[in-house]
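Beneath this line is the structure, given in structure tokens, with notes to follow.
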Amino acid sequence: MASAVQNQLRDRGSNPGEYRFPPGFERNLIWFAWRRFRPANPITLFQHLVDKYGDIAHYKIGWNHIVFLNHPDYLREVLVVQNDNFVKERTVRRSRMLLGEGMITAEGAPHRSQRQVAQPAFHRQRIPEYAATMIREAAGMRDSWRDCQERDIARDMMHLTLNVVSGTLFRADLRNEVHELADAINRIMGLYNFLVMLPAAEWLVHLRPPGLAAFVRARKRIDAVVHRMIDAHRNRHCDGSSLLDMMLAASPDRSADSEKLLRDQVITIFLAGYETVANALSWTWYLLSQNSECERRLHAEIDRELQGRLPTCEDIPRLRYVEMVMAESMRLYPPAWAMGRQALKDFQLGDFFLPAKTTVLMSQFVTQRDPRFFPDPLRFDPERFSPEAKARRAKFTYFPFGAGFRQCIGESFAWMEGVLLLATLGQKWKLKLVPGHRVEPEPLITLRPKFGMRVQLEARG
Ligand code: HEM
């Protein structure tokens with residue numbers, strides 16, 4: 001299907017005279033990219049475009065036109081109104097090296113059918129079934145922690161959410177493999193910026209130059225775990241209700257192509273389902289450690305609503321402040337920090353007329369810190385997500401889960417997991433950032449804390 005989309009893109013003619021481009025860089029960024037090899041932090045670039053050119057800005061890399069959008073009206077136009085004219089194509093090319101043709105990277109009919117197969121596992125009515133596993137995993141971690149211990153909470157959250165996603169959606173116990181899996185994924189993330197800037201990395205990977213050999217090795221380790229999980233599932237008697245059962249049932253045969261597609265589907269849900277939530281939680285612990293009044297209110301709500309017992313699914317609607325804290329954390333540190341689309345045909349955006357193949361970029365990180373939509377944007381203030389404040393705010397100013405028909409399929413899952421994990425861990429522990437620890441967001445596939453997140457545990461009385 002990817003090639004069908006590529007053909008569609010190739011077929012569109014263009015007439016340069018007709019176009020009206022937004023303001024932006026005169027200089028072609030390819031020179032900058034070649035000179036520096038690695039791009040500057042893309043968030044810095046986006047912010048610069050917004051500060052200098054406003055809500056829509058244009059630049060070129062090589063022959064490619066790129067526009068960056070920072071206004072809810074433009075976002076709505078691309079993600080909803082004109083969504084038929086936009087595909088992910090070029091913007092996910094590098095992610096395909098890891099994810100293959102899973103739900104995030106697929107287009108058209110293959111995307112629709114994968115989404116249809118997976119949908120029942122994410123239905124609102126199914127989500128409560130997963131709560132017990134989430135709480136059990138969080139309670140296990142909570143009880144293994146010791147007072148005054150120093151931990152890298154980013155690493156802990158990765159392991160916790162990996163166990164949750166495997167135990168719920170795949171009904172698999174990966175406890176013994178979780179370190180191997182997380183290490184291999186970290187290896188790939190470490191190479192991500194290098195890969196993004198490498199021309200034709202998809203082809204070079206077959207020649208295995210030094211950096212890419214490490215990528216191939218890490219991908220093999222991930223694949224091995226995924227294949228073991230699939231085989232174990234096949235050999236068990238399953239009731240057909242887990243996401244993996246559904247994927248296996250929809251897989252037509254055991255040909256190499258079908259097995260590869262199955263692997264792509266599994267790995268996509270795996271990565272999308274754990275990295276994002278783990279990062280959201282790491283940033284939330286960090287923000288709580290820096291805002292003692294919010295932390296106090298969070299603890300007070302947990303104590304009041306749970307009275308010392310473990311949470312259940314039924315408690316979630318009452319843990320409203322916990323949810324507001326998570327929402328505000330994802331405003332400041334959105335795990336998915338940017339999204340991209342590519343136009344199939346020439347298109348109009350406001351006063352501008354742009355050619356087919358233009359890449360359109362949007363950034364949760366930048367728009368959600370815009371003072372027009374979130375006054376005093378750098379202040380951590382969960383009250384921005386009270387029901388009244390939410391009702392007052394324009395749509396598409398807050399979009400951590402995307403929007404339109406490619407909106408995150410795991411959104412309800414993620415909210416529930418976040419709230420239950422924060423409540424279970426926060427019931428017993430206060431997390432204090434280790435003095436002097438450097439905290440810096442690193443925009444890779446997700447927004448990770450570049451140096452991890454070292455905290456000291458303090459038992460709550
Ligand atoms: C805090 C947690 C999460 C965040 C911030 C997040 C964010 C996003 C965003 C922004 C997109 C849309 C990307 C685009 O349109 O280009 C997306 C898509 C997706 N997410 Fe999530 N996600 C989260 C959790 C999850 C979980 C828990 C799962 C599964 C268990 C999941 C699975 C997916 C999948 C499969 C897609 C592709 C949907 C499609 O294209 O139809 N995500 N996510």
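Note that this is a predicted model, so its numbers are computed, not measured. Residues take their numbers from the sequence shown, with the count starting at 1. Remember, it's 1-based here, ligands and their atoms both numbered in the order they're listed.
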For [atom], what is the closest protein heavy atom, and at what distance to 0.1 Å?
atom: atom 36 (C) of ligand 1; result: I104 CG1, 3.6 Å
atom: atom 16 (O) of ligand 1; result: R341 NH1, 2.9 Å
atom: atom 23 (C) of ligand 1; result: T276 OG1, 3.4 Å

Answer with yes or no whether the side chains of [Y] and [X] bring together a donor and an acceptor at under 3.5 Å.
X: E295; Y: N291; value: no
X: R142; Y: Q427; value: yes
X: S241; Y: R171; value: yes
X: D257; Y: S255; value: no

Can [X] be said to touch ligand 1, with heavy atoms closer than 4.0 Å?
X: W415; result: no
X: Q114; result: no
X: H111; result: yes

Could you tell me whether the side chain of R406 and the main chain of I104 form a donor-acceptor pair under 3.5 Å? yes

Write out all pairs satisfying side chain to side chain donor-acceptor pair (under 3.5 Å) with one or both partners inside residues 269-282, taking only residues at least two apart or from two chains. E275-N279, E275-T446, E275-R448, N279-T446

Filtering G102, G340, A278, C408 for the heavy atom nearest atom 22 (N) of ligand 1 leaves C408

